[in-house]
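For reference, the structure discussed in these notes is given below.
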Amino acid sequence: MTIQKLLIANRGEIAVRIIRAARELGIATVQVYSKADKDSLAVRLADQSIEIGPPQASKSYLNQATILAAAGTTGADAIHPGYGFLAENAEFAAAVEAAGLIFVGPTAQSIRLMGDKVAAREAAQAAGVPTVPGSAGRLESADAAFALVEKTGFPVMIKAAAGGGGRGIRIARSAEEFHHLMPQARAEALAAFGDGGLYVEKLIEGARHIEVQILGDGRDVIHCFERECSLQRRRQKVWEEAPSPSLTPAVRDRLCSSAVALAKAVDYRGAGTLEYLYDDRSHEFYFLEMNTRIQVEHPVTEMVTGIDLVCEMIRIAGGEPLRIRQDQVRVRGHSIEVRINAEDPAKGFLPSPGTINALSVPSGEGVRFDSMLYQGYTVPPFYDSLLGKLIVHDVDRPRAIRRLERALAELSVEGLATTRPLHQALARDPDVQAARFHTAWLEPWLENHASSLGTAAPSPTAKVAQ
């Protein structure tokens, strides 16, 4: 392993996850932090820590020059960007390597290519991977866009060519809506990503969201099978699981093979995820985009395959070839992850930062809780509301759901509202239990169940602090 000291250019639960993986590899860690995060768990766990600025992300976690200077000051020889912030910033990846450091992730060229949705779509088509019918490239004018839409027909999605997270997306079901929404989508994309480029694709209604986890070393690529992420609110994932309950073995094989083909075509290095829409009526799938980083939901893949994805991406960045052959990757049982956010689902998911007065963490066979929490910690109001992820594993999906219910009953985070009641209600829902859902299923469900999400089932360990 050529990496001796790893700087984590991120915060929260993913920073904790990376520190733990690095420690198991015998690598020293440096945690950067903003003034708001000086008491974070990552700072407590790292071998070394260094302040990089005020709470505003633009002046701390997004400040490339300051992060590079911190690496120089602390003697770090590698930087792991986690997810979000600078993780998919090609200029940052290039700057890290230009400074003589190792970037734990793909090359700047791969990030640039796959980070632009239009370029990624073109690369997918060149590799023979199916894509949703839509524009061949960026649409620079509303007239050109409408001419295309007249051919594909409504409904369509207007999407930002750069970025992700559901921003810059509009759905048009008529010509009038299309002309009204195009300027809005362009303005939002420009504000969010500094790039107002758009493209248009046919809306596949009632589709599922399936993604394939891959690992590459720049020469060879393997897949670690798929995850289903169809339960979403405002295009943000809420509940993820592996394997997908909706795929047939034949479709699974075709889907995963297509992901490997595309990743090989771009000489991919590190951990990455290829996202698809899947129509379970026609059994057709369509490439959406590639996330050139580790994903929030990576633990479900780790639980069913036994592969430590974070350790593997660090090894690869350190110059090691892939240690795992495709025929060695097997799926065992079923895993589910739910995101525990500091939000109140009974109040429209109102953010709920505050101090953790007491904390009870579930444990036992097949239960994992990846978080940034400890008793007495004050969750700052400046960042994403994700507190942690509760992950369970069992021999099959029904038993995994029952294990999830048990673990949720044991979880208690006192001092602020969380999304725990939402996940308890979802675990009990007959449609969720039968896997009868798609990407547009959750929001109407929330409208019908909002009044019942204010009170979670009582926790048997609510007064026990761990």
Side-chain angles (χ1 to χ4, degrees), residues 1-33 40-50 52 61 64-111 213-222 224 263 267-273 291-295 298-299 302 307-324 370:
M1 174 64 66
T2 58
I3 298 174
Q4 301 298 315
K5 183 181 284 190
L6 177 65
L7 182 143
I8 296 93
N10 215 297
R11 63 174 304 279
E13 68 87 16
I14 191 60
V16 172
R17 172 75 180 89
I18 295 166
I19 290 168
R20 288 173 170 157
R23 182 158 293 160
E24 291 177 7
L25 291 171
I27 298 171
T29 54
V30 179
Q31 178 62 49
V32 299
Y33 65 93
S40 70
L41 182 58
V43 169
R44 291 187 170 199
L45 291 177
D47 298 298
Q48 201 173 348
S49 59
I50 182 169
I52 55 169
Y61 297 108
Q64 298 184 32
T66 301
I67 290 171
L68 289 170
T73 299
T74 58
D77 55 4
I79 295 179
H80 197 310
Y83 54 69
F85 293 130
L86 296 170
E88 293 179 285
N89 187 303
E91 286 66 38
F92 180 62
V96 170
E97 296 194 350
L101 306 174
I102 296 170
F103 182 76
V104 182
T107 64
Q109 180 180 0
S110 291
I111 295 174
Q213 176 70 57
I214 59 97
L215 280 171
D217 61 10
R219 296 169 296 278
D220 195 15
V221 176
I222 63 168
C224 301
D267 301 319
Y268 195 81
R269 181 189 75 194
T273 300
N291 293 300
T292 54
R293 53 174 166 79
I294 196 71
Q295 291 276 92
H298 74 272
E302 294 182 328
I307 296 171
D308 188 320
L309 294 169
V310 177
C311 279
E312 292 305 316
M313 70 185 300
I314 295 172
R315 289 179 185 275
I316 290 167
E320 294 187 24
L322 273 173
R323 304 185 309 144
I324 307 162
D370 286 14

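The chain is numbered in sequence order, starting from 1. All values reported here derive from a predicted model rather than from experimental measurement.
Distance check: Asn10 CG to Leu86 CG gives 8.5 Å after rounding to the nearest 0.5 Å. Atom CG of Asp217 sits about 13.5 Å away from atom CE of Met313, to the nearest 0.5 Å. For the atom pair CD1 of Ile50 and CG of Leu7, the computed distance is 8.0 Å after rounding to the nearest 0.5 Å. With values rounded to the nearest 0.5 angstrom, Thr73 atom OG1 is found 12.0 Å from Ile52 atom CD1. For the atom pair CD1 (Ile67) and CZ (Phe85), the distance works out to 9.0 Å, reported to the nearest 0.5 Å.
With sequence neighbours left out, Tyr61 forms a side-chain hydrogen bond (donor to acceptor under 3.5 Å, both in side chains) with Asp37. With sequence neighbours left out, Asp267 forms a salt bridge (Lys or Arg N to Asp or Glu O under 4.0 Å) with no residue at all. Applying the side chain to side chain contact (heavy atoms under 4.5 Å, CB included) test to Glu312 and every residue at least two apart in sequence or in another chain returns Leu215, Ile307, Arg315, Arg323, Ile324. Scored by the side chain to side chain contact (heavy atoms under 4.5 Å, CB included) test, Ala42 finds Ala15, Val16, Ile19, Gln31, Ser40 as partners (sequence neighbours excluded). With sequence neighbours left out, the side chain to side chain contact (heavy atoms under 4.5 Å, CB included) criterion links Gln109 to Thr107. For the side-chain hydrogen bond (donor to acceptor under 3.5 Å, both in side chains) test, no residue two or more places apart in sequence or in another chain qualifies with Arg219. Scanning for side chain to side chain contact (heavy atoms under 4.5 Å, CB included) contacts around Ala317 gives Ile3, Ile102, Val104, with sequence neighbours left out. In terms of the salt bridge (Lys or Arg N to Asp or Glu O under 4.0 Å) criterion, Arg20 has no residue partners (sequence neighbours excluded). Partners of Glu302 according to the side-chain hydrogen bond (donor to acceptor under 3.5 Å, both in side chains) rule, which considers only residues two or more places apart in sequence or in another chain, are Arg17, Arg368. In this structure Thr66 satisfies the side-chain hydrogen bond (donor to acceptor under 3.5 Å, both in side chains) test together with Asn63, sequence neighbours excluded.
Contact detail for Val32 and Ile8: the closest heavy-atom pair is CG2-O, 3.2 Å. Ala108 and Ala90 make their closest contact through CB-O, 3.4 Å (heavy atoms, listed as atom of the first residue, atom of the second, distance). Between Ile111 and Ala87, the closest heavy-atom pair is CD1-O, 4.2 Å. In terms of heavy atoms, Ala22 sits closest to Leu6 at CB-CD2, 4.1 Å. In terms of heavy atoms, Thr29 sits closest to Ala46 at OG1-CA, 3.5 Å. Here the shortest heavy-atom pairing between Glu13 and Tyr83 reads OE2-OH, 2.5 Å.
Sequence neighbours left out, the pairs with a member in residues 65-88 that pass salt bridge (Lys or Arg N to Asp or Glu O under 4.0 Å) are Glu88-Arg293. Counting only residues at least two apart or in different chains, salt bridge (Lys or Arg N to Asp or Glu O under 4.0 Å) contacts with residues 90-110 comprise Glu91-Arg112, Glu97-Arg269.
Considering only heavy atoms from C-beta on, Leu25 comes within 4.5 Å of Cys311 through its side chain. Counting heavy atoms from C-beta on, the side chains of Arg23 and Asp47 come closer than 4.5 Å.
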